[in-house]
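Quick notes on the structure that follows.
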Amino acid sequence: MRRLRQGLRLVRFFVALGGGVLLAGLVSVAESLARRELQALRQRLSQRFMGWLAAALPFRLELSGQLPEQPMLWVANHVSWTDIPLLGQLAPLSFLAKAEVRQWPLAGWLAQCAGTLFIRRGAGDGLLLARRIAERLGGGCPLLVFPEGTSSDGQQVLPFHGRLLAGAIEAGVPLQPVALRYMRDGLVDPLAPFIGEDELPAHLLRLFAADHAVLRIQLLEPIASVGGQRSTLARQARAAIEAALDDEPQTDRQAA
């Protein structure tokens with residue numbers, strides 16, 4: 001029974017990936033005809049694709065807080081690659097990813113078609129990155145970044161890199177802190193984290209063989225960026241997320 005469940009979930013996951021390929025192709029055709037990037041279309045179709053992926057994952061969402069009604073720079077603690085589809089289904093979002101992701105088979109192409117911004121670690125291109133983030137935000141397209149720069153085991157929040165927040169200051173848009181906690185049987189989920197030397201195929205098999213777990217997503221009070229310093233904003237956002245994870249408030253909305 002366990003193997004059957006794992007196999008069916010894998011099939012559903014790869015069907016969702018196939019749907020993403022079709023949507024990415026649609027974006028390419030539309031942009032060829034328009035002869036320009038259609039970022040809003042990319043984000044809308046990306047949200048639909050993320051919803052398909054999220055539905056294939058063995059997690060139930062518990063969501064609290066209000067979805068932003070204006071473009072913001074979402075900042076979240078990072079636990080797993082599953083953070084991306086589970087958050088991406090909530091709103092038309094683009095993500096920031098390390099440059100190596102662009103070279104990944106299929107996933108890199110899908111990420112590029114979805115409007116992902118790619119960052120080279122230690123490349124000294126902070127000003128260019130801030131400008132690109134500000135352009136997206138100023139154009140009405142919200143972005144989500146993981147300021148820790150890597151994933152954790154879900155039991156701690158690593159220091160935030162302030163340079164990833166400079167674009168919000170330049171664009172004058174608020175930060176939207178987001179606290180993520182995966183739970184299984186009332187405890188912090190040991191299966192969801194994707195860290196260290198873990199490999200995606202092995203991680204997928206472990207997740208799909210297990211029972212459903214819960215991802216608690218808390219959308220916290222926005223933080224104004226106008227006139228702020230990126231290091232100060234990084235500390236404020238991290239402190240808000242840490243406090244939310246410590247408090248573990250009751251959720252007021254659920255999504256299957």
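The chain is numbered in sequence order, starting from 1.
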Exercise for review: Could you tell me the separation between the CH2 atom of Trp52 and the CD atom of Gln47, rounded to the nearest 0.5 Å?
Suggested key: 12.0 Å

**Study point:** Minimal non-hydrogen separation, Leu137 against Pro71, with atom names
**Key:** O-CB, 4.1 Å

Point to revise | Minimum heavy-atom distance Ser152-Pro193, with the two atoms named | key: O-CB, 3.8 Å

Point to revise | Test item: Leu129 and Leu96 side chains (from C-beta on) under 4.5 Å apart, heavy atoms | key: yes

Point to revise | Approximate separation, where rounding is to 0.5 Å, of Gln218 CD and Asn77 CG | key: 9.5 Å

Check your understanding: Taking atom CD of Glu199 as the centre, does the number of heavy atoms from other residues, nucleotides or ligands within less than 6.0 Å exceed 12?
Key -> no

Check your understanding: Does Phe118 reach the side chain of Val101, with side-chain heavy atoms less than 4.5 Å apart?
Key -> yes

Review point. Going by heavy atoms in the side chains, are Val178 and Leu220 under 4.5 Å from each other?
Key: no

Practice item. Might you work through the salt bridge (Lys or Arg N to Asp or Glu O under 4.0 Å) test for Arg216 and Asp189, ending with a clear yes or no? Key: CA-CA 11 Å; Arg216 295 176 179 170; Asp189 186 5; over 6 Å; no

Practice item. Treat each ILVMFWY residue as a node, draw an edge where side-chain heavy atoms are under 4.5 Å apart, and state whether Leu45 and Leu106 are in one component. Key: yes

Study note, to complete from the structure: Between Phe208 and Leu57, the two heavy atoms sitting closest are CE2-CD2, 3.9 Å

**Study point:** Leu61 vs Leu86 side-chain heavy atoms within contact, under 4.5 Å
**Key:** yes

Review point. Do Leu67 and Glu69 pass the side-chain contact (heavy atoms from CB on, under 4.5 Å) test, and can you show the C-alpha distance, the side-chain angles, and the key distance before you say yes or no?
Key: CA-CA 6 Å; Leu67 289 170; Glu69 297 182 356; over 6 Å; no

Review point. Any salt bridge between Arg131 and Glu135, counting N to O under 4.0 Å?
Key: no

Point to revise | ILVMFWY cluster, Leu17 and Val11 together (side-chain gap under 4.5 Å) | key: no

**Study point:** Phe95: ring-ring contact (aromatic ring centres under 6.0 Å, His included) partners, not counting sequence neighbours
**Key:** none

Practice item. Look at the side chain of Ser225 and the backbone N and O of Val173, then say whether any donor-acceptor pair between them is shorter than 3.5 Å. Key: yes

Practice item. Ignoring hydrogens and angles, tell me if any N or O in the side chain of Thr116 forms a donor-acceptor pair with the backbone of Gln112 under 3.5 Å. Key: no

**Study point:** Ion pair Arg102/Glu100, N-O distance below 4.0 Å
**Key:** no

Point to revise | Arg181 bridged to Asp246 by N-O distance under 4.0 Å | key: no

Practice item. Kindly indicate whether the side chain of Val157, heavy atoms from C-beta on, has any atom under 4.5 Å from the side chain of Glu148. Key: yes

Study note, to complete from the structure: When rounded to the nearest 0.5 Å, the distance separating CG of Leu53 from CZ of Arg48 is 14.0 Å

Review point. Side chains of Phe13 and Leu204: closer than 4.5 Å at any heavy-atom pair?
Key: yes

Practice item. Assess whether side-chain contact (heavy atoms from CB on, under 4.5 Å) is satisfied between Leu207 and Leu191, documenting all intermediate values. Key: CA-CA 7 Å; Leu207 283 181; Leu191 297 180; 4.2 Å; yes

**Study point:** Val214 vs Phe59 side-chain heavy atoms within contact, under 4.5 Å
**Key:** no

Point to revise | Straight-line distance of Ser64 OG to Leu219 CG, nearest 0.5 Å | key: 7.0 Å

Practice item. May I ask you to decide whether Arg42 forms a salt bridge with Glu31, counting only side-chain N to carboxylate O separations under 4.0 Å? Key: yes

Check your understanding: So does Glu221 have more than 12 non-hydrogen atoms from other groups sitting under 6.0 Å from CD?
Key -> no

Revision key, fill the gap. Rounded to the nearest 0.5 angstrom, the CD-CG distance for Glu170 and Leu165 is 13.0 Å

Check your understanding: Hey, quick one: are Val79 and Leu158 part of the same hydrophobic cluster, counting side-chain heavy atoms closer than 4.5 Å, chains of contacts allowed?
Key -> no

Practice item. Decide yes or no on side-chain contact (heavy atoms from CB on, under 4.5 Å) for Leu8 and Arg5, but give the supporting numbers first. Key: CA-CA 5 Å; Leu8 291 174; Arg5 178 176 61 187; 6.0 Å; no

Practice item. Give a yes or no answer on whether the side chain of Ser80 reaches the backbone of Ala192 with a donor-acceptor pair at less than 3.5 Å. Key: yes

**Study point:** Single-linkage hydrophobic cluster, 4.5 Å side-chain cutoff, Leu73 and Leu117 together
**Key:** yes

Study note, to complete from the structure: Heavy atoms of Pro174 and Pro222 approach each other most closely as CB-CB, 4.2 Å

Point to revise | Same apolar cluster: Phe194 and Leu205, side chain cutoff 4.5 Å | key: yes

Check your understanding: Quick one: does Val15's side chain get under 4.5 Å of Arg12's, heavy atoms only?
Key -> no

Review point. Okay, side chain of Arg206, backbone of Pro201: is any donor-acceptor separation there less than 3.5 Å?
Key: no

Exercise for review: Please round to the nearest 0.5 Å and tell me the distance separating atom CD of Gln39 and atom CZ of Arg44.
Suggested key: 11.0 Å

Practice item. Taking all heavy atoms of Ile217 and all of Leu90, pick out the closest pair and write down the distance. Key: CD1-CD1, 4.1 Å

**Study point:** Arg230 (side chain) donor-acceptor with Ile169 (main chain) under 3.5 angstrom
**Key:** no

Check your understanding: Do the rings of Trp81 and His203 sit parallel, tilted or perpendicular, given the 30° and 60° boundaries?
Key -> perpendicular

Review point. Any idea which heavy atoms bring Ala24 and Leu110 closest together, and the distance?
Key: CB-CD2, 4.1 Å

Practice item. Go through Asp83 and Phe146 one step at a time and tell me if the side-chain contact (heavy atoms from CB on, under 4.5 Å) criterion holds. Key: CA-CA 10 Å; Asp83 300 345; Phe146 299 107; 3.9 Å; yes

**Study point:** Exam field: side chain Glu242 to backbone Gln156, donor-acceptor pair closer than 3.5 Å
**Key:** no

